[in-house]
Structure formats: C-alpha cells, structure tokens
Number of protein chains: 2
Amino acid sequence: MINKEEFRKKIIISSGQIFRRFGFRKTTMDEIARALKIGKSSIYYYFASKEEIFEEVVLYEANVLRNELTTAIKSVESPVDKMRNYVFVRMKAFEKLANYYNAIFDKNLDHFDFIETVREKYDREELAILRLILYDGARKKVFNVSNSEYTALAIQTTLKGLEVPLFWKKKELNIEERLNAILDVLFYGIVK
Amino acid sequence: MINKEEFRKKIIISSGQIFRRFGFRKTTMDEIARALKIGKSSIYYYFASKEEIFEEVVLYEANVLRNELTTAIKSVESPVDKMRNYVFVRMKAFEKLANYYNAIFDKNLDHFDFIETVREKYDREELAILRLILYDGARKKVFNVSNSEYTALAIQTTLKGLEVPLFWKKKELNIEERLNAILDVLFYGIVK
DNA sequence: GAATTATCGACCAATTCATTCGATATTTTT
DNA sequence: AAAAATATCGAATGAATTGGTCGATAATTC
C-alpha cells in the first residue's frame, strides 16, 4: 500500500505526539505501537531503537518549523512584513516547542549533544534569515540599521528570551497577550 | 513548623500537579518526593499508598471546583447572572478538568469505581444548584421555565456534552471561542 | 513457487517502581 | 535532661515494566 519510507514517517509523526506529551522516558514502545495499531516488534523493522525514533522526530519537527517560517516570509513582499511575519510565527511556534523541550530535557543526558547540534544548526539558519531580511530592508531604506549582523543577533536574543520560562515551568506561554507588545519593542527604533 | 494535616495538604497540591500532567501510572513516588524536596520514604509517613494520595487529590480538586462555582454564584444577585456565571466558570474549569481526565483514565481500572462515586456526587450537587437557580428565577419571573427539574437536567446535559471530546482527544478544548455561542443557546428560550 | 518484505508473539535481561523496615534525627512532653 | 512521640531517610526488595531480540509466519513481489 505505502512504501517503507512513508511508514517510517507515519511512525515519526505518531510517536512525535506521544513524545511531545510525555517526554522521552515516559513514552513506551508499547504506546507507540498501540497508537499505530501494530505489534511492538514491528517498529524495530523500521527503526533500530527508541532513540533513533526520537532523534528523527526532533529532526522532523525542526523541519516543520523551518517550513512554516519559510512560508511566512515568502507570503509577503516588504522586509517589514517579512520580519513581522517571521517573529510572529516563531513566537507562535513556542507553544508547540514547549512540549518538545519537555521531551528533550526529560531524555537521558547521554545523547544531549545530538539535540544541541540540531539546535545550533537551527540558530545559525535563523540568524541568516534575520540578517537577510534586515539587510534587504536597509537597502530598500525601510529599516534603519547600520549593522544587520548585530541587529539580527539582538532580535534573535530577544526571541530566545521568550523561551526561558520553558526551562522553568512546564506550561504553555501566554504568547498571545505579549505578542503585540514584543513586536512593538522589537521594531521600535528599527523601522523608519 | 506546620502540622501533619497541613503537610498532607501540601503533598496533595504538589502531587496533584504531577498527576494532572502525567496521569496516575506515569507519576512516580520519586517525582512526588523530589518536587517536595523530601525523601521518598517520608511520603509513607503521611499516606499509605500512591493510590491514597491520588484519591485525595481527586477529592481535593473536586472541592476546589465546588468552591469556585459557589463563589461565582454568590458574587452576583439576579438568577440570570447566577446562571450565566455558573455556566461560564464550569466551562472554564474544563480546561483544567481535561488534564484530570487523563490522570484518571490512565489509572488502573480496578479503582475506577471510586472516581465514579466522586463524579456522581458532583453531578447530583450540580443538579441541585441549577435547579435552585432556575426555581428562584422562575419565582422572580425572570426565567420562563415550567419545570425547573427538567430544565436543570437539560442544561446539565449540555454542559456534559462539552466534555465528550475529552474522552477522545487528550487536548485542551478551545472553550473560549464556543463560549458565547453556547451561552446563547443555553439561554435561548429560558430567559424572558 | 521461490524470494523478499513485513508482522508478530514469546521471551529476556535490565531497569524501574511502590512499598517496607530499621535506624536515626528532631521535637515535644514529662 | 531523660523519655516519649513525631518525623525523615537510606537501603533493600520483590514485583512489574520496558526496550530490545529472535524465530516463526504471513503477505507480497518476482
């Protein structure tokens, strides 16, 4: 009916929801199998281990976010709108990310470096995107930035600042109400 | 510093958060102890078993909801406002209840009857409250109900209808957006 | 009908977990 | 300050859970 690769993806998506909800340790292979209505041993035909599934879930989820952000940027023309959209979507994504942080920090620390690598890569990409938007905006004289590199770093840091509560309380953030305030602060002094 | 009964309550509140988040099975005594910064064995000085803690958590949480609802009713005068407040608070409470349903259904089915008893009691009380408000409103001629008993049952059934999704998907309901619609439907044909 | 692909039940070793228990602090009472 | 009562904990345990293996056997493809 469907090929192996597709079924792997099916497992990734399904188990992703469980990992997100319960974290790595508290998610059992039995649960993953039950959710897919297959035998537990069948999973090992597609994946070598629980860890492998989890790592692919993280990778997959990172890609989903990447795509959402790319779409958000492409859907508008002006650099100002691009930046606004990016920040908006990225902030909305935190609510989902919150659950992944639980899953990740719950994990045995042995393979923590894998997550770190994924995150570092994501951060580098983000920085490049921000830099590009800012640079373009400066060129078109809608942004008032002298050094796109530094401003990109500043914006990213603000964005990261929103994540900090996730490390402390395992609750969703109330992004909605802060959204406009933060957007204003971010753009104050940048937009001409 | 504080007496035994107070410390029991502390345990109930603290472990309640964990139960709510992970369910009965996935909550460990170690976690409960760690959250309270005490040794695992110390818990058994206050409670006989994990089950006992859980049951008291359910009881406690039911009381919290009870109080919230009572306050919501007492804070206003007219029967119409009372009814509106009750329905509103009860609906808002679902978001919290959603987590408890997870905790409860996750539990071994052996002691399911305990939960059922608690719920039945709660339902009876709710019915009495609704009936009282309706009866009072009818007497004051602000409600157009001929049989408070039946109307109370109808309203409770609608309220319960909102819970059904909790049995299927383990997600919070988006109460907010349905709120006004449902309030309108509920009161349509009742308020004079 | 042989070869390949996919699924599964039964099993295992390792770990996790709730609970027990004796020892020892800490506080209260006498 | 001794005795009694209250409170805390580390270590141990037996039972249950869990990630993973393996051989058998379907189901599908060639």
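Chain naming here is simple, since letters A, B, ... match the order of the sequence lines and numbering starts at 1 in each. Excluded from the calculations below are hydrogen atoms, water molecules and symmetry mates; all remaining heavy atoms, backbone and side chain alike, are included.
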Participant: Counting the atoms with a prime plus P, OP1 and OP2 as sugar-phosphate, which does B/Y46 contact under 4.0 Å by heavy atoms, base, sugar-phosphate, or nothing?
Facilitator: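 The residue B/Y46 makes sugar-phosphate contact but no base contact.
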Participant: For B/F47 and D/dA7, give me the distance from atom CZ to atom P, rounded to whole Å.
Facilitator: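 Going from CZ in B/F47 over to P in D/dA7 covers 13 Å.
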Participant: Which whole-number value in Å describes the distance from A/E52 CD to D/dG20 C1'?
Facilitator: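 So the two atoms are 13 Å apart, to the nearest Å.
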Participant: In this structure, how many angstroms lie between the P atom of D/dG19 and the CD1 atom of A/I32, rounded?
Facilitator: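 To the nearest whole Å, that distance equals 8 Å.
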Participant: Side chains of A/R124 and A/E120, heavy atoms from C-beta outward: is any pair under 4.5 Å?
Facilitator: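 Counting from C-beta outward, A/R124 and A/E120 do come under 4.5 Å.
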Participant: Is the shortest heavy-atom distance from the side chain of A/N63 to the side chain of A/R66 under 4.5 Å?
Facilitator: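 A side-chain contact exists here, since the closest heavy-atom pair is under 4.5 Å.
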Participant: For A/I11 and C/dA6, what is the distance between atoms CD1 and C1' respectively, to the nearest whole Å?
Facilitator: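 Answer to the nearest Å: 11 Å.
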Participant: I'd like to know if A/K40 reaches the base of D/dG19 with its side chain such that a donor and an acceptor end up less than 3.5 angstrom apart.
Facilitator: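 Per atom types, the contact qualifies.
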Participant: Tell me: CE of A/M29 to P of C/dC11, nearest whole Å?
Facilitator: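 Roughly 21 Å, once rounded to whole Å.
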Participant: Return the value, rounded to whole Å, for the distance between atom CG of B/N3 and atom C1' of D/dA7.
Facilitator: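 Going from B/N3 (CG) to D/dA7 (C1'), I get 13 Å.
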Participant: Between C/dA6, C/dC8, D/dA7, spot the one nearest the side chain of A/K4, thanks.
Facilitator: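 That would be C/dA6.
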Participant: For B/F54 and B/F19, take the angle between the two ring planes, folded into 0 to 90°, and tell me which bin it lands in: parallel under 30, tilted 30 to 60, perpendicular over 60.
Facilitator: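 Answer is perpendicular, since the angle exceeds 60°.
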Participant: Could you check whether any side-chain heavy atom of A/T28 comes within less than 4.5 Å of a side-chain heavy atom of A/K40, counting everything from C-beta outward?
Facilitator: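 No, side chains not in contact.
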Participant: Among the nucleotides D/dA7, D/dT8, D/dG20, which one has an atom lying closest to any side-chain atom of A/Y44?
Facilitator: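 Closest of the options to the side chain of A/Y44: D/dG20.
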Participant: Does C/dG9 have its OP1 or OP2 closer than 4.0 Å to a side-chain nitrogen or oxygen of A/S41?
Facilitator: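 No, no such contact exists.
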Participant: Answer with base, sugar-phosphate or nothing: what part of the nucleic acid does B/T28 contact at a heavy-atom distance below 4.0 Å?
Facilitator: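 Since only primed, P, OP1 and OP2 atoms lie under 4.0 Å of B/T28, the category is sugar-phosphate.
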Participant: Rounded to the Å, how far apart are B/L36 CG and D/dT8 C1'?
Facilitator: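 Rounding to the nearest Å, CG of B/L36 and C1' of D/dT8 are 13 Å apart.
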Participant: If you only use heavy atoms from C-beta on, which nucleotide in C/dA6, D/dG19, D/dC22 is closest to the side chain of A/Y45?
Facilitator: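 For A/Y45, the side-chain atoms sit closest to C/dA6.
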Participant: Picking from C/dC8, D/dC9, C/dT19, which would you name as closest to the side chain of B/I38?
Facilitator: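 Nearest nucleotide to the side chain: D/dC9.
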Participant: In whole angstrom, give the distance that lies between atom NZ of B/K50 and atom P of C/dT20.
Facilitator: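 Atom NZ in B/K50 sits about 14 Å away from atom P in C/dT20.
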Participant: Within a strict 4.5 Å, meaning less than it, do heavy atoms of the B/M83 and B/V80 side chains meet?
Facilitator: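 They are not in contact (no side-chain heavy atoms under 4.5 Å apart), so the answer is no.
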